[in-house]
Structure formats: structure tokens, C-alpha cells
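Predicted model only: the values in this text are computed from it and were never measured. One is the number of the first residue; the rest follow in order along the sequence.
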Amino acid sequence: MDYKTILEEEISLDPDDWEDVKDLGQRMVGDMVDYLRFISNEPVWRKPGAEMKEFLTRHLNDQGQDLETIYHQFKQHILPFPKGNIHPRFWSWVQGTGSLTAVFADMLASTMNSNVAIGVHAALYVEGQVIGWCKSMLGYAPESSGILLSGGSMANITGLIVARNNFDQRIRKEGIQVIGKPMIFYASEATHSCQQGAAEVMGLGSNALRRVPVDENYKMRIEVLKEMIKADLSAGLAPFAVVANVGTVNTGAIDPLEEIEKICLEFKLWFHVDGAFGALAKLIPEYEAQLKFIENADSLAFDLHKWMYLPYEIGCLLVKDKTKHRLSFAQQPEYLISHERGLPAGPDPINNYGMELSRGFKALKAWFCFQEHGLEKYRRLIRQNIAQCKYLEAAILASPSLELMAPVELNIVCFRYTIPGMDPEDLNVLNKEILMRLHEQAVATPSYTFIKNNYTIRVANVNHRSKKTDFDALVAGVIRIGDQLRSER
Ligand SMILES: Cc1ncc(COP(=O)(O)O)c(C=O)c1O
């Protein structure tokens, strides 16, 4: 087809028959509402079979297909095999539930398809408002800056880039070699792997992350932190930041924030908090005093897809000093210069506060859900998740077949099936087998970790659909499978 003909027969991706598509769209909405409504009748996990895998290796046709057929394929091959984090018996890793309202909000956001970086349009203001709500609910300084990111990993890395770039303003231009000595930052041994990722992508190398030993409650040992900083200074290195954990990924431990802040002040280090899920515990009175110190952090990373129950992806970084945040990323290429009027006359472009230029409208789901449910409901749900963990802890302590593996400080419970006198390696193998059978039999999907080299079943509860009875089913399932394996030995 030549260009002239193409212009005479212009096409687009819009439907030929809008009414037809509207009917299908309404059916999709109805199906998804029912899917979530009856999700507890489904197994928590269903292993995808060969048919699905084979189907998902098919080549893409040159010619398009009927939308109805594609929707049918989705219902047959994709929808029956979710990860499970929408189900009341899912407690793996730290993965949130999502919610129905957010499904609608994501559809509305996709319809608007706003690229949320620069310009005068509503999405930029919505993101500003959501960040403002986050600041106020966590008691963080109203004049601070913030950005929504894909999740906790990106929020942590972005915060540490701000810390690194402000250690010496020459770094942005000349690189870290301008410092002339290795830059070092500190986090506890229990910190999340994204901190090592940050060290690597920032060009510092993973040795730059000093792993401070933890105490018996998996909290950073402050006296050791201080000694490590002093030793690094005497060795001529350049310490620049400390990462405090508010909710470690393994056990939910909260580091001693007040002491870490003091040390940061004493040694002029950046005080960064990884509060991926734990920061949200500040919403409830029991944790308010302990978590007050996150208000003083130079930067605070947390997720909204964990304990605020929003669907993937949405994390947030707040930075106390807006100027320092901006200085770390802002650029002024000729095609992104703000104007006095017209579309490019918006607020300060968000790309001045992070690595991404093209960004989706993830703020809209937060905007809808926060308003619909109100903070009081979130407080109650976070409390409910903690209460459920205490309930599970009590059930574990009451059973001679189960052993609690770490203190329950927040919403994470680590335990195992135990047989007195059994070899530790055999216990590891046994508990791993229990976990895999729990999943395969669709009893529940907790995850796993190692505590002091012991394989541990781990429940991380950021699930607004779980009920007390779901935890009863987990305990009964672990004991039943454990007893069965024991009798087969
Ligand atoms: C303590 C902690 N930090 C960081 C992260 C990374 O967050 P994300 O998975 O949203 O990137 C997690 C994830 O579970 C976490 O638990």
C-alpha cells in the first residue's frame, strides 16, 4: 500500500463497533466483580498445567483476532492461575491483597492514559495530593518532597541516591571517584536485599553495604553500628548513610530508631528508613510512640501495595529536604522546559525527583481507595492483621508439635513443625516438604525463610481478606501434614 492509499484509508486501534465492545466490557467488569466476590471458594493456589504453558508459547499471528475469543482464552488459560495474593489464605513474601475499587480506578487511569511527568493536567495534582495524604498520615514534614514509585525496592534505591548525591554535590557530575575513598552505608544483617541492589547500581559495590549484627530480637545492635562507623572513619573510608528497618522482611523487627537517628546526627550521616510495610503501623496507637522517629528521617521508603492493600505497583519515597531531593535528579533538556502557559506550564515536573520520565497514573487507585475507606478502616485492618498474627502465635505456642522461631513484633510469624531430638538438617527437609504440600494441597500459602540456618515457615500478613478461621486451617494443615510425614519415617 502506498502512502497516498494509506492516507485515504486511515485506521486506528479503536473498535469498529463501539456498542459491541461496550457489552463485552460490561461483561468483563461483572465477571471480575464476581471473581473477587467468590475468591474464597477458589483454591489459594492452582498449579498451572502443561496446557497453559503450551498455550502461552504460541506465536503471535500477523492478523488480529476477535476480542471475544481472546477474552475466552484469558478466562481459560490465565485467570484460573493467579499467584493467590487476592485469596484469604495467602501470606507469602510480603504481598498485598489489592481491592475491587482499585480495579476500577486502574481502569479509569488506563482510560485517561496520563503520562505523569510534566504538564498541566489532573494526574500530577492527584499524585501531589496522595503524597500529601501520605505525609500527613505518617506525620512527615508537610514541606518535604515525595514521589510514587513501582515499589519499596525503587523507593529505597531512590532515597539512597539522594543520600549519596548530597554527600558531595560533585558526585552527580564527576561520579563517586571524586570522593577519593570508598563510600560506605550501614544496615542491619536483617535488611532487605534491595539495599545491596542499591549499593550495586549506585556504583558503590556490595561491599559498601556494611551489615550490622542484630540482637536476639533481630534488631540492629547500636553499639556495634557505632564501632563500625568509627573503624571505617579511622580507616579513611567515607560513611554517608544508615538504613533503619521498620519491619524487617524476615521477622518484622523494628530497629532502635531513636538511637540510630542520634548516631546519624553525631556522625553527620543520612538517616534513611526502610518502612516498606512497617511504616504503616504508625497509623495505629500501639506503635505511634515507637515509630515517631521516622518523622525525623532524611528519607522514608514505604509501599502502598503491601499494608495499604492497593494492587501492584505502588511504592512511595518521602524526602525531608525537597531541595536536596531535586538536586539529585533535576535536569533541564530543551524539550522539557516548563512554559508560562499551555500544557507545559504545570507544577515542577515529577521527573526532577526520580529516574523515570514516563510514569503511569498509579496515584488514582490510592486517591479512590483512601477516600472511600477512610483512614479509620485502614487502622482497623492493620490492627486486625497484627491481632491475627498474635492469634497465630498463641496457637503455635499452645501446640507441642509447633515451635515459634522468632518474636512476633508486627505482622510476621515464623514457626516450624518440630520433633524433639530430630537432627536439624532433617527438620529443615521436613518443614520444606510441609510447606510444599501446604501449597499443593491448597491449604494455604505461607512462605519460608531460614532463621539461624533453620528452615522456617513464615506468615507475612498484609491480607485484608483473611479471617481467624484461615489461620486455624493453616495450623491444622501444618500439624496434619507434619504428623503424616512423621508417621511415614
Ligand atoms: C522490608 C522490605 N524492604 C523492601 C522491600 C522491597 O519492596 P518491593 O517488593 O515493593 O520492591 C520489601 C519487600 O517485601 C521489604 O519487605
Side-chain angles (χ1 to χ4, degrees), residues 40 44 87-97 190 215-219 246-254 277-278 280-281 283-291 306-307 309 378-420 422 427 430-431 434-435 437-439 441 443-452 454-486:
S40 58
V44 60
H87 193 281
R89 291 194 186 166
F90 182 99
W91 308 293
S92 268
W93 301 288
V94 193
Q95 304 197 347
T97 331
D215 65 15
E216 67 286 3
N217 293 318
Y218 303 96
K219 295 167 186 277
V246 174
T248 55
V249 60
N250 261 350
T251 68
I254 301 172
F277 54 96
L280 279 309
L283 292 185
I284 65 174
E286 298 91 306
Y287 292 84
E288 167 68 45
Q290 187 184 6
L291 299 189
K306 290 187 167 73
W307 237 346
Y309 314 101
Y378 287 102
R379 279 192 199 101
R380 185 159 164 193
L381 278 170
I382 289 170
R383 248 202 175 139
Q384 178 172 300
N385 287 156
I386 294 170
Q388 288 164 338
C389 286
K390 294 285 173 199
Y391 177 78
L392 175 60
E393 178 190 26
I396 292 162
L397 292 173
S399 166
S401 306
L402 303 178
E403 182 184 357
L404 191 70
M405 301 298 283
V408 180
E409 181 155 17
L410 271 171
N411 58 334
I412 297 190
V413 184
C414 292
F415 69 107
R416 67 176 175 180
Y417 182 87
T418 188
I419 300 175
M422 191 175 194
L427 262 185
L430 180 88
N431 277 281
I434 292 175
L435 186 104
R437 291 196 191 189
L438 282 170
H439 292 188
Q441 295 173 17
V443 175
T445 51
S447 63
Y448 48 86
T449 191
F450 282 85
I451 303 275
K452 296 184 179 143
N454 295 310
Y455 188 92
T456 297
I457 300 172
R458 173 180 164 281
V459 165
N461 187 13
V462 284
N463 193 325
H464 66 82
R465 297 203 172 102
S466 300
K467 300 266 184 301
K468 214 166 59 161
T469 46
D470 294 311
F471 297 93
D472 294 338
L474 170 69
V475 169
V478 172
I479 295 175
R480 175 180 56 76
I481 297 169
D483 287 352
Q484 191 185 339
L485 288 168
R486 187 178 187 173

In residues 398-405, what donor-acceptor pairs under 3.5 Å come from side-chain atoms, sequence neighbours left out?
residue : atom : partner : partner atom : Å
S399    : OG   : S401    : N            : 3.1
E403    : OE1  : R416    : NE           : 2.9
E403    : OE1  : R416    : NH2          : 3.0

Under the side-chain hydrogen bond (donor to acceptor under 3.5 Å, both in side chains) test, residues paired with [X] that sit two or more places apart:
X	value
T449	N250
Q441	R480
N461	N385, Q388
E393	none

Item to check | Y417 side chain to D483 side chain, donor-acceptor N/O pair below 3.5 angstrom | outcome: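 There is such a pair between these side chains.
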Next on the checklist: Could you work out, with side-chain contact (heavy atoms from CB on, under 4.5 Å) as the rule, every residue matching Q95, not counting sequence neighbours?
Outcome noted: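 For Q95, the residues satisfying side-chain contact (heavy atoms from CB on, under 4.5 Å) (neighbours in sequence not counted) are K83, N85, F90, W93, Y312.
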Next on the checklist: A190: which residues meet the side-chain contact (heavy atoms from CB on, under 4.5 Å) condition with it, sequence neighbours left out?
Outcome noted: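 S188, V214, T248.
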Heavy-atom distance under 4.5 Å between the side chains of [X] and [Y], does that happen here?
X	Y	result
N431	I457	yes
L435	P446	yes
I386	Y287	yes
T445	L438	no
L474	V459	yes
R458	I451	no

Next on the checklist: Enumerate the salt bridge (charged side-chain N to carboxylate O under 4.0 Å, His left out) contacts for residues 464-477, please, sequence neighbours excluded, ordered by first and then second residue.
Outcome noted: R89-D470
Item to check | For E286, salt bridge (charged side-chain N to carboxylate O under 4.0 Å, His left out) partners two or more places apart | outcome: R383
Checklist entry - Can you name the residues that form a salt bridge (charged side-chain N to carboxylate O under 4.0 Å, His left out) with R379, not counting sequence neighbours? => result E376
Checklist entry - Is a donor on one side and an acceptor on the other found under 3.5 Å between the side chain of T251 and the backbone of Y218? => result no
Next on the checklist: Closer than 3.5 angstrom, by distance alone: can the side chain of N217 be matched with the main-chain N or O of K219 as a donor-acceptor pair?
Outcome noted: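 A pair under 3.5 Å: no.
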So which atom in [X] and which in [Y] form the shortest heavy-atom distance, rounded to 0.1 Å?
X	Y	answer
S40	P88	CB-CG, 3.8 Å
A281	I382	CA-CG2, 4.4 Å
G252	E409	O-CB, 3.8 Å
V249	I412	O-CD1, 3.3 Å
I254	G247	CG1-N, 4.0 Å
V443	V44	C-CG1, 4.3 Å

Next on the checklist: What verdict does the side chain to side chain contact (heavy atoms under 4.5 Å, CB included) test give for W307 and L410, after you've listed the backbone C-alpha separation in whole Å, the side-chain angles of each residue and the deciding distance to 0.1 Å?
Outcome noted: CA-CA 12 Å; W307 237 346; L410 271 171; 4.2 Å; yes
Checklist entry - Which residue pairs pass the ring-ring contact (aromatic ring centres under 6.0 Å, His included) test when at least one of the two sits in residues 462-486, sequence neighbours left out? => result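 ring-ring contact (aromatic ring centres under 6.0 Å, His included) check on residues 462-486 returns W91-F471, Y309-H464.
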Checklist entry - When you look at OH of Y391, are more than 12 heavy atoms from neighbouring residues, nucleotides or ligands closer to it than 6.0 Å? => result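 Yes, OH of Y391 has more than 12 neighbouring heavy atoms, counting only those of other groups under 6.0 Å.
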Next on the checklist: Suppose we screen for ring-ring contact (aromatic ring centres under 6.0 Å, His included). Which residues come up paired with F450, at least two apart in sequence or across chains?
Outcome noted: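 Partners of F450 under the ring-ring contact (aromatic ring centres under 6.0 Å, His included) test: Y455.
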Checklist entry - Roughly how far, to the nearest 0.5 Å, is the CD1 atom of I396 from the OG1 atom of T418? => result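 If I round to the nearest 0.5 Å, the distance is 12.5 Å.
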